[in-house]
Amino acid sequence: MKKILVTGGLGYIGSHTVVELQNSDFEVLIIDDLSNTTMTVLDGITAITNKKPNFFKIDLKNKDAVANFFKENKVDGVIHFAASKAVGESVKQPLKYYENNINTLIYLLQEMEQNKVKNLIFSSSCTVYGQAKVLPITEKAPIKIAASPYGNTKQIAEEIIADATKVSDLKAIALRYFNPIGGHDSILIGELPIGEPQNLIPYITQTAAGIRKELSIFGGDYDTYDGTAVRDYIHVVDLAKAHVVALQRLFTKKQKAALEFFNIGTGKGSSVLEVIYAFEKANNKTLNYKIVSRRAGDITAAYADTTLANKELGWKSELTLEDALRSAWLWQEELKK
Ligand code: UFG
């Protein structure tokens with residue numbers, strides 16, 4: 001049984017990925033510093049899979065703690081999720097983002113090299129493309145100057161990993177996620193936004209639950225079919241499964257370059273209004289919303305060309321926007337209890 005270290009394994013995408021890894025017979029070791037999640041997520045994972053992953057409360061900024069972890073635990077591969085991810089906060093606290101997202105990656109790569117751990121899946125983002133000229137976006141689309149320190153950390157991280165693969169045995173796959181949404185069918189894990197949500201779906205579910213008075217749609221004057229911005233919303237369980245197949249690609253040595261990139265999305269764009277209508281229909285709820293001015297830094301439209309992931313990983317998203325919006329709402333109701 002292969003042992004996989006999942007950093008940030010109690011976070012939103014991390015926890016769903018741990019479930020899929022355990023379901024695919026990987027043994028999972030989680031490192032998380034609990035800065036943006038809680039231990040209850042470990043219980044949720046355990047309840048779904050009947051298996052408790054090994055948990056280590058470690059802050060990856062603590063180089064000695066990371067070194068100790070690798071000394072004491074032999075792992076075959078790493079999936080690196082742990083990072084700060086709030087775009088707006090990154091503009092206000094850039095150094096925190098560079099420290100949390102870049103220093104930690106360097107420590108991790110150093111320890112992987114030291115301990116001959118050669119397989120890495122890295123959590124990247126479609127943010128590296130900025131507003132692409134051509135839609136849908138392929139992996140060949142040019143990387144744009146980042147609009148935020150957060151986005152920049154993803155670009156720099158990809159470059160650091162690329163450089164590391166040139167001088168070592170490291171093999172890596174960077175998955176560039178589009179917009180992950182929804183939660184596990186069991187309603188035992190889901191997204192846990194702390195404070196006022198910044199992302200669309202948690203804002204929608206909190207509005208439907210009466211926690212927020214009204215949803216603001218940021219911009220009604222975009223050059224799209226209904227004037228609202230378009231994104232590729234992918235069910236987090238589909239996204240989690242992409243990590244499992246990417247890992248299997250590394251272990252079966254099928255990769256064609258030391259570092260590969262894959263877009264992970266559905267291939268379909270949905271506008272903010274379409275998401276709202278789909279949410280109302282899927283859950284039989286009515287949402288309060290109004291159109292306000294654009295949010296700084298937002299792009300008009302982004303959706304993935306998933307041909308490469310389909311062909312090379314044999315992966316395809318299976319769940320629908322409605323599935324994701326139903327699970328997001330059930331999770332919101334669960335959080336009330
Ligand atoms: N939106 C609203 N109202 C809200 C929240 C969001 O109208 O209250 C809109 C946004 O303007 C955007 C869409 O809903 O058009 C999606 O917004 P999200 O914040 O959910 O997602 P983003 O596409 O802005 O962000 C995602 C990832 C980030 C990443 C970014 C790169 O969550 O990690 O893409 O563009 F950096």
Side-chain angles (χ1 to χ4, degrees), residues 8 11-14 36 81-91 94 97 100-101 122-132 135 137 141 143-158 175-182 191 193 195-209 211-236 239 263-266 269-279 287-304 321 324-325 328:
Y12 174 43
I13 307 172
N36 197 21
F81 291 105
S84 297
K85 60 171 187 178
V87 178
E89 184 189 52
S90 80
V91 176
Y97 274 67
N100 283 358
N101 297 5
F122 177 66
S123 185
S124 192
S125 167
C126 67
T127 192
V128 300
Y129 302 117
Q131 179 57 69
L135 294 174
I137 302 173
I143 304 298
K144 293 272 173 63
I145 290 173
S148 69
Y150 161 78
N152 208 20
T153 66
K154 293 295 173 190
Q155 296 189 5
I156 296 169
E158 286 190 353
L175 299 179
R176 292 174 175 160
Y177 316 149
F178 283 67
N179 289 52
I181 61 166
E191 192 169 4
E196 188 172 351
Q198 305 302 311
N199 296 111
L200 180 62
I201 306 312
Y203 214 102
I204 287 179
T205 59
Q206 290 197 6
T207 306
I211 301 167
R212 311 279 157 200
K213 241 182 36 223
E214 190 172 51
L215 168 75
S216 297
I217 299 179
F218 300 134
D221 58 350
Y222 282 106
D223 184 17
T224 60
Y225 34 86
D226 62 19
T228 65
V230 167
R231 297 289 185 274
D232 184 339
Y233 296 93
I234 172 158
H235 199 299
V236 69
L239 173 58
N263 286 344
I264 305 296
T266 66
S270 305
S271 72
V272 178
L273 276 171
E274 278 178 321
V275 173
I276 291 172
Y277 301 149
F279 178 86
L287 274 175
N288 271 334
Y289 60 86
K290 66 162 183 242
I291 294 182
V292 301
S293 51
R294 295 181 181 193
R295 180 170 71 177
D298 273 355
I299 55 168
T300 302
Y303 48 96
L321 178 64
L325 294 172

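Indexing begins at 1, ligand by ligand and atom by atom, following the structure's order. When reading the values below, keep in mind they use all heavy atoms of this one structure, side chains included, and skip hydrogens, waters and symmetry mates.
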Colleague: Is any side-chain heavy atom of Val236 closer than 4.5 Å to a side-chain heavy atom of Tyr12?
Modeller: yes

Colleague: What does the 4.0 Å heavy-atom contact list look like for ligand 1?
Modeller: Val87, Thr127, Tyr150, Asn179, Gln198, Asn199, Leu200, Tyr203, Leu215, Ser216, Ile217, Phe218, Ala229, Arg231, Tyr233, Val272, Arg295, Asp298

Colleague: Applying salt bridge (Lys or Arg N to Asp or Glu O under 4.0 Å) as the test, list every pair that has at least one member in residues 288-300; sequence neighbours left out.
Modeller: Glu214-Lys290, Asp221-Arg294, Arg295-Asp298

Colleague: Test of understanding: with ring pair (Phe, Tyr, Trp, His ring centres under 6.0 Å), list the residues that count as partners of Phe218, not counting sequence neighbours.
Modeller: none

Colleague: Not counting sequence neighbours, which residues clear ring pair (Phe, Tyr, Trp, His ring centres under 6.0 Å) with Tyr150? List them please.
Modeller: none

Colleague: Would you say the side chain of Ser124 lies within less than 4.5 Å of the side chain of Leu175, judging by non-hydrogen atoms?
Modeller: no

Colleague: Can you spot which of Val275, Asp232, Val230 makes a side-chain contact (heavy atoms from CB on, under 4.5 Å) with Ser270?
Modeller: Val275

